[in-house]
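A short worksheet on the structure shown next.
Protein chains get the first letters and strands the later ones, always in sequence-line order, with residue 1 at the start of each. Reckoned from all heavy atoms, side chains included, excluding hydrogens, waters and symmetry mates. The model shown is predicted, which means the values in this text are computed figures rather than measured ones.
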Amino acid sequence: MKRTKIKEILTNPIINEEYLVKGWIRTHRNVKQIHFIALNDGSTVKNLQIVIDEKDFDSKFLKRLTTGASIGVRGTLVESLGKEQSVELKAINVELYGECDAETYPLQKKGHSLEFLRTIAHLRPRTNTFGCIFRIRHAAAFAIHYYFNQRGFIYLHTPIITGSDCEGAGKMFKVTTLDLYNLPYTPDGKIDFSQDFFGRETNLTVSGQLEGELGALALGEIYTFGPTFRAENSNTPRHLAEFWMIEPEMAFYDINDNMDLAEDFIKYIIKYVLDNCPDDLQFLNDRYDNELIDRLHWVLKEKFARITYTDAIEVLLKSNENFEFPVYWGADLQAEHERYLVEKYYKKPIIITDYPKEIKAFYMKLNDDGKTVRAMDVLFPKIGEIIGGSQREDDYDKLLKRVKELNIPEKDVWWYLETRKFGTAPHSGFGLGFERLMLFLTGMSNIRDVIPFPRTPKNAEF
RNA sequence: UCCUCAGUAGCUCAAUUGGUUAGAGCAUCUGACUGUUAAUCAGAGGGUUCCAGGUUCAAGUCCUGGCUGGGGAGCCA
């Protein structure tokens, strides 16, 4: 007999139909002769209630059906006598695939703290909370591919291992096959990377953007969606050493086209999750963040405010707020400043553009004023910067000048510079931190809870 | 990396000014209960008080160092 997923049964129940379901026991309770099992198979946050009449089964066997055990149940779907569910499966036959020792199984029926669940990341997907989160994560990832595919973007696979360390986005993890206990050295005492696997120093990527631009300047519109790595010693609820980033890059887009895309894109993902994960969102809304669903709807209908950095500084200076960090033109915006702008002043997502060139990356297009660059940061309530992007510098001479000013070795970026030499074109792009988006979509407050296996300083278990 | 708070049973927490044999709820186990809903009721078992030193007649409690975790900040996405 073919197995049916619980989600399908609950979506389209056929009374008196015989079904085979397979999953894990969430709870098992009995009143005298009748046993009730809440079965979950991961297809939905909802459980299917299995009803077992003890007289049809061996009572010793039923004792082995403990919380966490994996079973298959063949039975008849009937209307439930209980109030909490409309249908239930009356068991005809139960197969026990994997027992679960109740004495040592760390998950109990009652709730656990998120901190504790992080220490058992191998088991936490079995909880309602993490089931919801990872289903939403999947839906969001699927929506991202769907969105770009519909619009003719090419999914470009940029390298994980990179020879360039000039992206300037953070400290990098080294990749090597050299024997660390017996390193080869050059005559002048440096490590001899010519003997390494790639014959040069290599690292894990901190961004696929530079390679993404190469794709955009050939294929038109591309996006990347893959893991990125930052070896920063960041210990916050918003940072990971390994995280997933989405980086679209578009030829012939200026900064305004870029902003339009960013806003449309992020709203699409939110809408997709609202439409496709109502049960999961409702669970998280009830359990963790009562304003989650309202907030998602609210962002959908708000037009993001678009302001320049210079305007933002003026707003902050006029604010009469007592900021810890001083506000002046040229200063980078601190978390407290961003929070004031988003949550108190504009009260909606904002896009800040045209930052001073000194506080932004070398590849951003210089404005005519010679002082600011066509950068754009999208700031969200609760989570801060969710997107960073810019129109890219497409003028060879200006880009080369910036490279030299910042002492970036030309030998490392020659290939990047060449795109501006051979048929350069205006183009733009941005990067979206997938887990930051997940924080917003799920209402979770710690980024370690929206990725299955978080990598953070001093933590690479599992 | 900086600031700050914390670490006691499987989990969540309590333990007076440093003072007897470190407690409770949940979980687990045993039993009861003829339809339960994180069932309920009764009983039982369960502790290297994060680690290493130190002060003291006496340390879960005070001191020093370390480790781990939470919150805030920086770096950023």
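At a cut-off of 3.5 angstrom, the base of B:U36 holds at least one donor-acceptor pair with the side chain of A:Gln85. Side chain A:Ser234 to base B:C76: no donor-acceptor pair is found below 3.5 Å. You'll find a donor-acceptor pair under 3.5 Å spanning the side chain of A:Gln49 and the base of B:U36, going by distance alone. At a cut-off of 3.5 angstrom, counting only N and O atoms as typed in the model, there is no donor on one side facing an acceptor on the other between the side-chain of A:Glu336 and the base of B:G72.
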query = What is the per-nucleotide protein-contact pattern of nucleotides 4-10 of chain B, from the 5' end, where B denotes a base atom under 4.0 Å from a protein heavy atom, S denotes such proximity for sugar-phosphate atoms only, and - denotes neither?
reply = ------B
Side-chain donor-acceptor distances from residues 452-462 of chain A under 3.5 Å, at least two apart:
residue: A:Arg455; atom: NH1; partner: A:Glu461; partner atom: O; Å: 3.4
residue: A:Arg455; atom: NH2; partner: A:Phe462; partner atom: O; Å: 2.7
residue: A:Asn459; atom: OD1; partner: A:Glu461; partner atom: N; Å: 3.4

Show me the donor-acceptor pairs, under 3.5 Å and distance only, between side chains in residues 438-448 of chain A and residues at least two apart or in other chains.
residue: A:Thr442; atom: OG1; partner: A:Met438; partner atom: O; Å: 2.7
residue: A:Thr442; atom: OG1; partner: A:Met444; partner atom: N; Å: 3.2
residue: A:Asn446; atom: OD1; partner: A:Arg448; partner atom: N; Å: 2.9

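We find that CG of A:Asn233 is positioned 6 Å from C1' of B:U1, with the value rounded to whole Å. One can place CD of A:Glu338 at 10 Å from C1' of B:C76, the figure rounded to the nearest angstrom. The distance from atom CG of A:Asp286 to atom P of B:A38 is 13 Å, rounded to the nearest whole Å. Atom-to-atom, CG of A:Asn446 to C1' of B:G72 comes out at 13 Å; the value is rounded to the nearest Å. One can place NZ of A:Lys109 at 12 Å from P of B:C26, the figure rounded to the nearest angstrom. The CD atom of A:Gln334 sits 9 Å away from the C1' atom of B:A73 (whole-angstrom rounding). Rounding to whole angstrom units, CG of residue A:Asn30 and C1' of B:G35 are separated by 11 Å. Taking atom CD on A:Glu324 and atom C1' on B:C2, their separation rounds to 12 Å, with Å as the unit.
Applying a 4.0 Å cut-off to non-hydrogen atoms, the residues of residues 235-251 of chain A that approach RNA chain B are A:Asn235, A:Thr236, A:Pro237, A:Arg238, A:His239, A:Leu240, A:Phe243, A:Met245, listed by residue number. Proximity of residues 343-359 of chain A to RNA chain B (heavy atom under 4.0 angstrom from any strand atom) is not detected for any residue. Within residues 384-393 of chain A, the residues that place at least one heavy atom under 4.0 Å from RNA chain B are, in residue-number order, A:Glu385, A:Ile386, A:Ile387.
In terms of the salt bridge (Lys or Arg N to Asp or Glu O under 4.0 Å) criterion, residue partners of A:Glu213 (sequence neighbours excluded) are, by chain and number, A:Arg392, A:Arg420. Under the salt bridge (Lys or Arg N to Asp or Glu O under 4.0 Å) criterion, A:Lys303 pairs with A:Glu263, not counting sequence neighbours. Not counting sequence neighbours, the partners of A:Tyr288 by the side-chain hydrogen bond (donor to acceptor under 3.5 Å, both in side chains) test are A:Thr129.
To the nearest whole angstrom, the two P atoms, one in B:C2 and one in B:U61, are 26 Å apart. For the P atom pair drawn from B:G46 and B:A6, the interatomic distance equals 31 Å after rounding to whole Å. A distance of about 23 Å separates the P atoms of B:A32 and B:G25, rounded to the whole Å. One C1' atom belongs to B:U12, the other to B:U49, and the distance between them is 16 Å to the nearest Å. Distance check on atom P: B:U36 versus B:U20 gives 47 Å, rounded to whole Å. A gap of 15 Å separates the P atoms of B:G60 and B:A15, to the nearest Å.
Looking at A:Glu321 and A:Lys344, a side-chain N of the basic residue comes within less than 4.0 Å of a carboxylate O on the acidic one, giving a salt bridge.
Between A:His145 and A:Phe225, the angle of the ring planes lies from 30° to 60°, which puts this pair in the tilted group. In this structure, A:Phe380 and A:Phe304 have perpendicular ring planes: the angle between them is above 60°, well past the 30° mark.
Remark: the backbone N or O of A:Asp257 is paired with a side-chain donor or acceptor of A:Asp254 at under 3.5 angstrom. In this structure, A:Thr158 contributes its side chain and A:Glu211 its backbone to no donor-acceptor pair below 3.5 Å. Side-chain atoms of A:Arg26 do not come within 3.5 Å of backbone N or O of A:Lys109 as any donor-acceptor pair.
For residues 82-119 of chain A, the pairs satisfying ring-ring contact (aromatic ring centres under 6.0 Å, His included) are A:His112-A:Phe116, with sequence neighbours left out. Applying the side chain to side chain donor-acceptor pair (under 3.5 Å) test to residues at least two apart or on different chains, the pairs with a partner in residues 373-385 of chain A are A:Tyr355-A:Asp377, A:Lys360-A:Asp377, A:Asn367-A:Arg374, A:Arg374-A:Gln391. Screening residues 13-34 of chain A for ring-ring contact (aromatic ring centres under 6.0 Å, His included), with sequence neighbours left out, gives A:His28-A:His35.
Sequence order on RNA chain B of the closest nucleotides to A:Thr67 and A:Ser445 puts A:Thr67 first from the 5' end. Residue order along RNA chain B, read from the 5' end via each residue's closest nucleotide, puts A:Lys458 first among A:Lys458 and A:Gly431.
Of the candidates B:C76, B:U36, B:G70, the closest approach to any side-chain atom of A:Arg230 belongs to B:C76. Minimum atom distance to the side chain of A:Val31 is reached by B:U34, of the listed B:U34, B:U28, B:C76.
In the model, A:Asp286 has a side-chain atom that pairs as donor or acceptor with a side-chain atom of A:Gln282 under 3.5 Å. In summary, the side chains of A:Asn258 and A:Asp260 do not present any donor paired with an acceptor at a separation below 3.5 Å, with no hydrogens or angles considered.
Among the heavy atoms of the strands, none lies under 4.0 Å from A:Thr104. Here A:Arg124 lies out of heavy-atom contact (under 4.0 Å) with every strand. At a threshold of 4.0 angstrom between heavy atoms, the contacts of A:Arg118 are confined to the sugar-phosphate backbone, with no base atom among them.
OP1 and OP2 of B:G35 both lie 4.0 Å or more from every side-chain N or O belonging to A:Arg29.
Atom CD of A:Glu79 sits in a sparse spot, with 12 or fewer heavy atoms from other residues, nucleotides or ligands closer than 6.0 Å.
Remark: B:A73 base-pairs with B:U1. Criterion, Watson-Crick or G-U wobble with two distances under 3.5 Å. Across all strands shown, the partner of B:C62 is B:G54, judged by Watson-Crick or G-U wobble contacts whose two distances both fall under 3.5 Å. In this structure, B:C26 and B:G10 make a Watson-Crick or G-U wobble pair, each of the two defining distances being under 3.5 angstrom.
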